[in-house]
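Take a look at the structure below.
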Amino acid sequence: MDIKKIFVINGGQKFGHSGGRFNKTLLDTTVEFFSSRPEFEIRSTDVNEDYDPAQEVENYVWADVVIYHTPIWWFQVPHALKKYIDVVFTAGHQKGIYNSDGRNSINPAVNYGTGGTLHGRKYMVTSSWNAPATAFTLPGEFFNERSVDDSILFGFHRMNAFTGMKPLEGIHFHDVEKNADIVNDLKRYKAHLEEFFINQSLEHHERILNSNY
């Protein structure tokens with residue numbers, strides 16, 4: 001049996017008025033989903049807890065798929081998740097995450113971003129928002145009809161591309177503060193996992209246009 005190795009990162013930081021409960025629930029749901037199936041192995045990290053950067057690098061190298069759970073704070077990931085990425089990716093330089101920026105001194109104008117060493121791995125990101133979904137879709141609304149992935153998460157996708165990973169379609173949760181529907185959000189998320197990891201192969205679902213990210 002082909003075992004798929006899943007590494008899950010909870011970026012739902014506890015800070016200010018946020019207890020990080022929704023993303024912790026997503027983490028627990030993800031762990032439960034994969035742990036109940038013998039064809040998967042799973043590891044997880046919570047950015048609110050202590051972690052060893054070298055072990056986190058090894059988790060990335062070990063994984064077939066990395067799943068990120070993150071809220072969006074002021075149109076960025078929380079500072080604890082950003083710190084985690086800065087620390088772990090720095091520790092992963094020439095140790096499994098990336099070797100260089102991909103360029104060489106002969107022609108430094110080309111090949112930037114091709115020095116990653118996580119080729120063959122995939123990643124998925126979930127994000128949670130106070131903003132309603134319509135803020136991204138309706139004319140005249142705040143995000144100018146640009147999607148989550150093509151706007152706020154564009155840099156996050158480029159970060160993962162720099163390592164050599166390819167994206168799987170993520171899932172985004174909107175209006176979680178003022179109009180939350182946690183029961184249906186979790187149902188939708190479980191159905192998303194079923195579709196991508198059980199019903200079809202990961203290769204079938206890899207984004208055809210992943211070069212956009």
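Keep in mind that the numbers below use all heavy atoms, side chains included, and drop hydrogens, waters and symmetry copies.
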Is the backbone N or O of [Y] less than 3.5 Å from a side-chain atom of [X], with the two atoms forming a donor-acceptor pair by type?
| X | Y | value |
| --- | --- | --- |
| Thr117 | Ile97 | yes |
| Asn144 | Gly140 | no |
| His69 | Phe22 | no |

Considering only NZ, NE, NH1 and NH2 on the basic side and carboxylate oxygens on the acidic side, decide whether Lys178 and Asp175 come within less than 4.0 Å.
no
Pair Arg43 + Glu56, salt bridge at N-O below 4.0 Å:
no
So which heavy atom on [X] is nearest to which on [Y], and how close?
| X | Y | answer |
| --- | --- | --- |
| Pro53 | Val87 | CG-CG1, 3.6 Å |
| Arg146 | Phe136 | O-CD2, 3.3 Å |
| Tyr123 | Val65 | CA-CG1, 4.4 Å |
| Pro78 | Gly11 | CG-O, 3.5 Å |

As a quick check of understanding, evaluate side chain to side chain donor-acceptor pair (under 3.5 Å) for Asn10 and Tyr68, giving each step before the final call.
CA-CA 6 Å; Asn10 176 27; Tyr68 299 95; over 6 Å; no
Partner of Trp129 by ring-ring contact (aromatic ring centres under 6.0 Å, His included), out of Phe75, Trp74, Phe143
Phe143
Within the supplied structure, the quantity of interest is the number of heavy atoms (other residues, nucleotides, ligands) at a distance under 6.0 Å from Arg37 CZ; does it exceed 12?
yes
Is Lys82 atom NZ crowded by more than 12 heavy atoms from other residues, nucleotides or ligands, each under 6.0 Å away?
no
Is there a side-chain contact between [X] and [Y] in this structure, where contact means two heavy atoms from C-beta onward sitting under 4.5 Å apart?
| X | Y | value |
| --- | --- | --- |
| Phe33 | Ile42 | no |
| Thr45 | Asn59 | yes |
| Thr134 | Glu141 | no |
| Val77 | Trp73 | no |
| His79 | Phe15 | yes |
| Val66 | Phe7 | yes |

Pairwise side-chain hydrogen bond (donor to acceptor under 3.5 Å, both in side chains) hits with a residue in residues 17-27, at least two apart
Asn23-Ser128, Lys24-Asp28
Would you sort out whether Asn99 and His93 count as a side chain to side chain donor-acceptor pair (under 3.5 Å), showing the intermediate values?
CA-CA 6 Å; Asn99 284 334; His93 180 219; over 6 Å; no
For Lys14, give me all partners under side-chain contact (heavy atoms from CB on, under 4.5 Å), at least two apart in sequence or on another chain.
Asn48
Can a side-chain donor-acceptor contact be found between His174 and Asn179 if the only test is distance below 3.5 angstrom?
no
Kindly indicate, with the supporting measurements, whether the criterion side chain to side chain donor-acceptor pair (under 3.5 Å) is fulfilled by Asp150 and Ser147.
CA-CA 5 Å; Asp150 288 332; Ser147 71; 3.3 Å; yes
ILVMFWY network linking Leu138 to Phe142, side-chain heavy atoms under 4.5 angstrom:
no
